[in-house]
Amino acid sequence: MAASGEEIRISLEGGRIPAPSGLAVNKNNELTWESSGAGEQTGFLLTFFGNVSKREVTAAAGTTKAAIPTDLAETRYLVEARAVKNGNYSPPTAALKISIKLSSAPEDLKIGGLDEPQGIATYGKGLYIANQHSGKIIQADMDGKNAKTAIDKLETPMGIATNGQLFWVATQGSGGAVTGYSTDNPCSKFNEPVKGKPGVNYLSYFSSDIHRYSEKYSDPLLFTSQGKGWAAWGYLTGSCGEILSDLGDLRGMTFDGEFLYIASRDRGKVIRARVDGTGGKEDFITVAKPEDITWNARHLYVTSDDGRLIRASRLTGAIDQSFTISNLNKPRGVQVWGNYVYFVEQGDNRVSRVFVGWAVE
């Protein structure tokens with residue numbers, strides 16, 4: 001609530017706005033508000049100030065939300081709201097009241113050519129989707145536009161991972177393999193760090209600069225065996241080795257620089273395991289039929305074959321029930337990048353994304 005004659009100036013950091021700010025951000029990357037009373041304005045001009053950039057957004061009369069600019073160069077902003085009435089700008093009056101929306105609706109990216117999509121990967125330079133049935137790798141922009149076939153006729157592609165210059169595909173055909181391709185020339189193989197691993201499933205890539213065990217795990221790919229019950233790494237130079245074994249029906253795996261997080265479908269758990277040589281592991285999150293896992297600064301995101309996308313604390317494993325998205329159709333691969341989490345719905349041949357917070361979340 002703003003008193004008459006005052007400008008509203010707030011700081012957005014990590015998608016959170018300190019009360020009593022007057023403005024609020026929801027999970028659809030929007031500021032929302034409601035106006036009522038005699039002092040209601042015809043519209044608002046919202047100015048987003050960053051350290052090196054500035055954007056203005058006009059909210060027309062009768063609207064109650066405005067999209068936050070996605071092309072700002074930073075993740076912290078100061079937002080100034082000015083009322084627009086009869087072509088003149090003035091501070092908002094006490095009639096401006098802002099509320100926050102707790103729900104979030106997935107955005108269908110409308111990517112064509114998908115046929116039983118399974119894995120998804122990105123390094124911020126586009127999406128790569130592995131399609132089980134057709135054997136195609138579909139490449140698209142981050143918003144789903146300009147979709148095209150990067151590779152065709154692979155033998156049951158499952159997982160996919162990328163570092164921006166290369167992408168790797170896990171195929172269950174021909175004995176199980178992980179093969180690398182150039183993002184500039186995907187028609188030719190670059191390397192094959194993993195061969196003869198039956199049941200190879202989801203892939204995850206991490207650079208050695210995110211953790212302190214780089215002398216042991218130098219630029220590895222992480223992969224799991226759906227039927228063999230092991231989790232392993234594969235160096236880009238061609239060697240590979242098991243990290244953990246006897247874990248049951250495994251699906252996706254990710255690594256945050258300290259812990260491995262592994263989806264064990266038959267246990268109904270996300271397992272957390274150390275990579276510092278102690279070999280310790282624990283049941284970290286209880287979730288029915290977990291499929292794939294990704295992470296950002298504070299959270300894990302998990303798809304499950306019971307039709308859900310959940311978010312859980314990386315610190316405690318507590319599930320954020322207010323975020324949980326249900327009634328999805330065979331959700332599979334999941335990948336978080338920046339402000340969005342991207343996920344596959346195999347049953348609908350669809351890739352969707354959901355706003356999850358600022359990149360510094």
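Counting begins at 1 with the first residue of the sequence.
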Non-neighbouring partners of Glu56 that pass salt bridge (Lys or Arg N to Asp or Glu O under 4.0 Å), sequence neighbours left out: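 Partners of Glu56 under the salt bridge (Lys or Arg N to Asp or Glu O under 4.0 Å) test: none.
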All salt bridge (Lys or Arg N to Asp or Glu O under 4.0 Å) counterparts of Arg350, not counting sequence neighbours: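 Listed in chain order: Glu345, Asp348.
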Shortest non-hydrogen separation from Ala147 to Ile111 and the atoms involved: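 Result for this residue pair: CB-CG2, 3.7 Å.
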Nearest heavy-atom neighbours spanning Ser304 and Pro331: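 Closest heavy-atom pair between Ser304 and Pro331: O-CG, 3.0 Å.
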Which residues pass the side chain to side chain donor-acceptor pair (under 3.5 Å) test with [X], sequence neighbours left out?
X	result
Asn327	none
Gln165	none
Gln132	Gln346
Asn131	none

Pro193: partners by side chain to side chain contact (heavy atoms under 4.5 Å, CB included), with sequence neighbours left out: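 Pro193: side chain to side chain contact (heavy atoms under 4.5 Å, CB included) contacts with Trp168, Val178, Asn191, Leu221.
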Side chain to side chain contact (heavy atoms under 4.5 Å, CB included) partners for Thr149, two or more places apart: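 For Thr149, the residues satisfying side chain to side chain contact (heavy atoms under 4.5 Å, CB included) (neighbours in sequence not counted) are Lys136, Ile138, Asp152.
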Intermediate values then yes/no, side-chain contact (heavy atoms from CB on, under 4.5 Å), Ile137 and Val169: CA-CA 9 Å; Ile137 304 302; Val169 183; 3.9 Å; yes
Side-chain heavy atoms of Ile243 within contact of Leu222, under 4.5 Å: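 Ile243 reaches Leu222 side chain to side chain.
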Note, Tyr261 side chain near Asp256 side chain (heavy atom, < 4.5 Å):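 Contact flag for Tyr261/Asp256 side chains = yes.
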Ring pair (Phe, Tyr, Trp, His ring centres under 6.0 Å) partners of Tyr123, counting only residues at least two apart: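 For Tyr123, the residues satisfying ring pair (Phe, Tyr, Trp, His ring centres under 6.0 Å) (neighbours in sequence not counted) are Trp337.
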Which residues share a ring pair (Phe, Tyr, Trp, His ring centres under 6.0 Å) with Tyr128, sequence neighbours left out: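 Counting only residues at least two positions away or on another chain, Tyr128 forms a ring pair (Phe, Tyr, Trp, His ring centres under 6.0 Å) with Phe167.
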Residue pairs, two or more places apart or on separate chains, that pass salt bridge (charged side-chain N to carboxylate O under 4.0 Å, His left out) and touch residues 259-270: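 Salt bridge (charged side-chain N to carboxylate O under 4.0 Å, His left out) check on residues 259-270 returns Arg265-Glu291, Arg265-Asp305, Arg267-Asp283.
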Fellow cluster residues of Leu315, listed by chain then number, with links counted only when side-chain atoms sit under 4.5 Å apart: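 The other cluster members (ILVMFWY side chains, heavy atoms under 4.5 Å, direct or chained): none.
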Aromatic ring pairing His299/Tyr301, orientation class (parallel under 30°, perpendicular over 60°, tilted between):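 Ring orientation, 0 to 90° scale: perpendicular.
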